[in-house]
Number of protein chains: 2
Amino acid sequence: MKKISEMESIRECSSNYILAVNDTINVIHGKWKAAIISSLLFGKKRYGELQKEIPKITPRMLSKELRDLEANGMVVRTVHDTIPVTVEYELTQSGYAFQHVLDVMLEWGLEHRKSIIGSTK
Amino acid sequence: MKKISEMESIRECSSNYILAVNDTINVIHGKWKAAIISSLLFGKKRYGELQKEIPKITPRMLSKELRDLEANGMVVRTVHDTIPVTVEYELTQSGYAFQHVLDVMLEWGLEHRKSIIGSTK
DNA sequence: GTTGAAACTATAGTTTAGTATACTACTATA
DNA sequence: TATAGTAGTATACTAAACTATAGTTTCAAC
């Protein structure tokens, strides 16, 4: 399949590999993006709901990170003409697909923690 | 199996999920760590070899990042009593296992790029 | 005409990350 | 005695990320 050969060819070259991986790292770069994405994996949310779910984020950071995620094609922002206006944020298809990446990170993190505890006792 | 149930229980709770995922993000946090890990995936390397393979890294950053990675159980540092002394850095088992995380990132990144190109044409 | 809700923005400051450039310690060989 | 190789450290700086706190807009209900 094409996907396999594309990955294979990138994996052969250390510098291309790093560039492609960094593309992904940049999308979740920073202190808050993983939290926002994780929160949105449980369903679309309004600005105020995100603020409540991510307790210590400032409004400035929340709106900046949401703008970044929107610019990167991770979330879509929808304004509803209710009174007062409400805004909903939802993951794109790519955004939802990112759960697989987070799950693999989670799994590795759990194993890694075990291996560290095992090696220091 | 235990691993499944552990993951399932973490995935049920948004805040625990974020905490566990952040453990992993912190390990590769910063501009250079993914590059160092990627380079070491191709085999153990000496300090000077890493410096050549990662062209723009300063010696200060390289030694800082290597210290971080060592402290996090990602690499082991071995001093050989050659003349002059040589130092080798090698990934731990966890470090090598991290390739799976990077591969999933790579794969998602390639798909994501396609979906962005597809949506703007 | 004041209050309140929603979704932010503005300004200023602190903290952390990263860069630039020079220097050190050790020892072997010329 | 000077030079070179290896693996760094030291000092000072700039830039990016993040925080704190207050203010803005819009419209409706009281």
Side-chain angles (χ1 to χ4, degrees), chain A residues 18-19 21-40 43-72 74-91, chain B residues 18-19 21-40 43-72 74-91:
Chain A
I18 293 163
L19 285 176
V21 166
N22 271 335
D23 274 0
T24 303
I25 290 176
N26 288 338
V27 167
I28 53 157
H29 169 252
K31 187 174 173 181
W32 299 108
K33 292 206 185 70
I36 294 170
I37 295 167
S38 301
S39 183
L40 290 176
K44 60 184 170 187
K45 299 267 164 64
R46 286 168 43 195
Y47 182 89
E49 293 176 304
L50 285 168
Q51 232 184 151
K52 272 169 218 147
E53 286 212 6
I54 307 170
K56 294 186 177 165
I57 198 168
T58 60
R60 180 193 156 104
M61 282 311 287
L62 181 54
S63 75
K64 182 195 166 283
E65 299 293 58
L66 285 169
R67 256 183 279 128
D68 285 359
L69 291 169
E70 197 190 357
N72 281 326
M74 289 291 285
V75 309
V76 280
R77 177 179 183 272
T78 313
V79 180
H80 299 282
D81 57 355
T82 52
I83 287 162
V85 286
T86 51
V87 181
E88 268 185 340
Y89 293 93
E90 186 174 16
L91 292 174
Chain B
I18 293 162
L19 284 175
V21 166
N22 271 335
D23 275 0
T24 303
I25 290 176
N26 288 337
V27 166
I28 54 158
H29 168 254
K31 187 175 175 181
W32 299 109
K33 292 205 185 72
I36 294 171
I37 294 168
S38 301
S39 182
L40 291 176
K44 58 184 171 186
K45 299 267 164 65
R46 284 168 42 194
Y47 182 88
E49 293 176 303
L50 286 169
Q51 231 183 152
K52 271 169 219 147
E53 287 211 6
I54 307 170
K56 296 187 177 164
I57 198 168
T58 60
R60 180 193 154 102
M61 283 311 287
L62 182 54
S63 75
K64 180 193 166 288
E65 300 293 59
L66 285 169
R67 256 182 279 128
D68 285 359
L69 289 170
E70 196 190 357
N72 281 325
M74 289 291 285
V75 309
V76 279
R77 177 179 182 271
T78 313
V79 181
H80 299 281
D81 56 355
T82 52
I83 288 163
V85 286
T86 51
V87 180
E88 268 185 341
Y89 293 92
E90 185 174 17
L91 292 175

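To find a chain, count down the sequence lines: A is the first, B the second, and so on, and within it residues start at 1.
Atom P of nucleotide D/dT6 and atom OH of B/Y89 are separated by 15 Å, given to the nearest angstrom. One can place OH of B/Y47 at 17 Å from P of D/dG5, the figure rounded to the nearest angstrom. Taking atom CE on A/M61 and atom C1' on D/dA16, their separation rounds to 11 Å, with Å as the unit.
To the nearest 0.5 angstrom, A/I54 atom CD1 is 8.5 Å from A/K45 atom NZ.
Using a 4.0 Å cutoff to heavy atoms of chain A, the contacted part of DNA chain C runs 5' to 3' from C/dA5 to C/dA12.
Residues meeting the salt bridge (charged side-chain N to carboxylate O under 4.0 Å, His left out) test with B/E88, sequence neighbours left out: B/K44. Under the rule for a side chain to side chain donor-acceptor pair (under 3.5 Å), the partners of B/D23 that lie at least two apart in sequence or sit in another chain are A/R113. Partners of A/K64 by salt bridge (charged side-chain N to carboxylate O under 4.0 Å, His left out), not counting sequence neighbours, listed by chain and number: A/D68.
Distances shorter than 4.0 Å separate some side-chain N or O of B/R46 from OP1 or OP2 on D/dA7.
Listed for the B/S39 side chain is no donor-acceptor partner under 3.5 Å among the backbone atoms of B/A35.
In plain terms, the two heavy atoms of B/Y89 and B/L50 that are nearest each other are CD1-CD1, 4.2 Å. Scanning all heavy atoms of the two residues, the minimum distance from B/I37 to B/L69 falls at CD1-CD2, 4.1 Å.
Near-neighbour residues of DNA chain D inside residues 78-88 of chain B, defined by a heavy atom below 4.0 Å, number-ordered: B/P84, B/V85, B/T86, B/V87. DNA chain D is contacted by no residue of residues 31-38 of chain B, taking any non-hydrogen atom closer than 4.0 Å.
Looking only at side-chain heavy atoms (C-beta outward), B/V27 and B/K33 stay at 4.5 Å or farther from each other. Counting heavy atoms from C-beta outward, B/V21 and B/T24 have side chains that stay 4.5 Å or more apart. Side chains of A/Y47 and A/R77 form no contact here, defined as non-hydrogen atoms less than 4.5 Å apart. In this structure the side chain of B/L62 reaches within 4.5 angstrom of the side chain of B/I36, judged on heavy atoms.
Two residues, A/P59 and A/K56, neighbour DNA chain D, and the one matched to the more 5' nucleotide by heavy-atom proximity is A/K56.
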